[in-house]
Amino acid sequence: MVAHGGKRFVPGFPKDFGWGVATSAYQIEGAVDEGGRGPSIWDTFSHEPGRTQRGENADVSCDHYHHWQEDADLMADLGLSVYRFSIAWSRVMPNGKGPLNEQGVDFYSRLVDGLLERGITPFPTLYHWDLPQALEDEGGWVNRDTTQRFAEYAAAMFDRLGDRVDLWVTHNEPWVTAFMAYVGSEKAPGIYNDWPLALRVSHHLLLSHGLAVQALRAGRPSAKIGIAPNLHPTRPLADTPEDAKAAQIWDGFQNRWFLDPVFKGAYPEDMLAEYERFGFEESVEDGDLAAISSPIDHLGVNFYHRVAVTQKPDSPYLGLVCVPTQLPLTEMGWDITPDGLHEMLLRIKRDYGDIDIYITENGAAFPDEWDGGDVVEDPDRIDFISRHLEALSQAIADGVSVKGYCVWSLLDNYEWEKGYAKRFGLYYVDYPTQRRIPKGSALWYRDQIAAARAGGS
Ligand code: FCB
């Protein structure tokens, strides 16, 4: 059986598998001054000169705030069973604390209802990088109080949406929130090479995750919750002891630093030794690791690529760097490594035990162009997604409990500091007209979902 693009279906998925797409609030919503929304750190950052490519911001982006019904119809056309989106904290709590902004809550409430009417399970993420600016003004994630504010915000969302939402994610990619924002300076608030702050932020993110899990247990005991780190299998670039060490440290820095505390209630020893010079342990108080390791129901895995690591003394990232190894790369300059997804899933099972897994993001940017026709053909993306689904189906056959898969992304959108040039969507967005045009990959994915659901894939 073949689907759109002449590509074979990928077999091996259970009939009730969660077929999805993922988006995030700041990247698609626009309407930054509407409905009582307060500013977030990304509004501030994207308006600072020199922070983003071509100075682009997401003031309008896909204008999903006004187009959400049309977008939900696109999801229904694909036959999706799950939609992973994020809630903009500053839309529902403009100052990050205090009373709810009812207009903001209504937006998400209507979205949830609209999804359910279309047979799509809502799968919200509480934090996808857009801290209310008012909290940043009080120190942001560096300030331990922000963990309490997050728990209050989470509890308010469980209260207001939890009668219809059963599946939650606390944080999207805490590694990015901590290290790309406080070491690499690519993400808001854009601080360079401040390791003590970055490490404190990473701990506060994890603590806030644990407090939100506890709030869910108290308020909505039957609902399910997890966290969605970006996970990258690591390899030494060269077959040398130096690169072997580099790969081990990168693995600790990016993967184990987040997985070990959540699953084992302890930071990895080798990384604690590595970070001793930054005074990390002062941030950790009694009881924090118990909160962080509150049992979760699922792990979200954002998987983009495996990395090859080597030394680069002037890199702020511990003097290490990840180097692309093979052509073709995606437009982000990332290696295409579907077997890395299989490797990572088996490793999670081996090191952290059996846990339900959602692939909360996987996808690729390619230089799509619209010629005015009805479909934007993107065979590279079909190839990318189908090869990752093959790896996923192999992991399922190998006994990993994978419950769902979300393509990043439904729509082309604002790719953070890289602006609009990077197109990840199943639908092409013509920004001047806000028209959505299906790409070949959308049609292929629709056919894949239908075949899998019919049991014929
Ligand atoms: C991930 C982010 C997501 C998007 C993709 C391409 O790191 O979670 O918002 O930018 O990368």
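All ligand and atom numbering here is 1-based and tracks the order in the structure. The basis for the numbers below is simple: all heavy atoms, side chains too, and nothing from hydrogens, waters or symmetry mates.
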Asp383/Arg387 ion pair, N-O < 4.0 Å: yes
Look at Lys418 together with Glu331 and state whether they make a salt bridge at an N to O cut-off of under 4.0 Å. no
Quick one: sort the His171 and Trp141 rings into parallel, tilted or perpendicular, breaks at 30° and 60°. perpendicular
Under a 4.0 Å heavy-atom limit, does Glu361 contact ligand 1 with its side chain, its backbone, both, or neither? side chain
Could you tell me whether Asn172 approaches ligand 1 through its side chain, its backbone, both or neither, with non-hydrogen atoms closer than 4.0 Å? side chain
Identify, for [atom], the protein heavy atom at the shortest distance, and state residue, atom and that distance.
atom	answer
atom 7 (O) of ligand 1	Glu173 OE1, 2.5 Å
atom 5 (C) of ligand 1	Tyr304 OH, 3.3 Å
atom 10 (O) of ligand 1	Glu415 OE1, 2.7 Å

With a cut-off of 4.0 Å, which atoms of ligand 1 are near a heavy atom of [X]?
X	result
His128	2 (C), 3 (C), 8 (O), 9 (O)
Gln27	3 (C), 4 (C), 9 (O), 10 (O)
Phe424	6 (C)

Return a yes/no value for Trp416: is any of its N or O atoms, backbone included, closer than 3.5 angstrom to an N or O of ligand 1? yes
Identify the residue among Arg435, Arg436, Lys439 that makes a salt bridge (charged side-chain N to carboxylate O under 4.0 Å, His left out) with Asp412. Lys439
Check: Asp137/Gln133 side-chain N/O donor and acceptor closer than 3.5 Å: yes
Please check if the distance between the ring centroids of Tyr83 and Phe123 is under 6.0 Å. no
Would Lys422 count as a contact residue for ligand 1, given that I'm defining contact as a non-hydrogen atom of the residue lying under 4.0 Å from a ligand atom? no
Think Lys264 forms a cation-pi with Tyr352, using NZ or CZ under 6.0 Å from the six-ring centre and within 45 degrees of its axis? yes
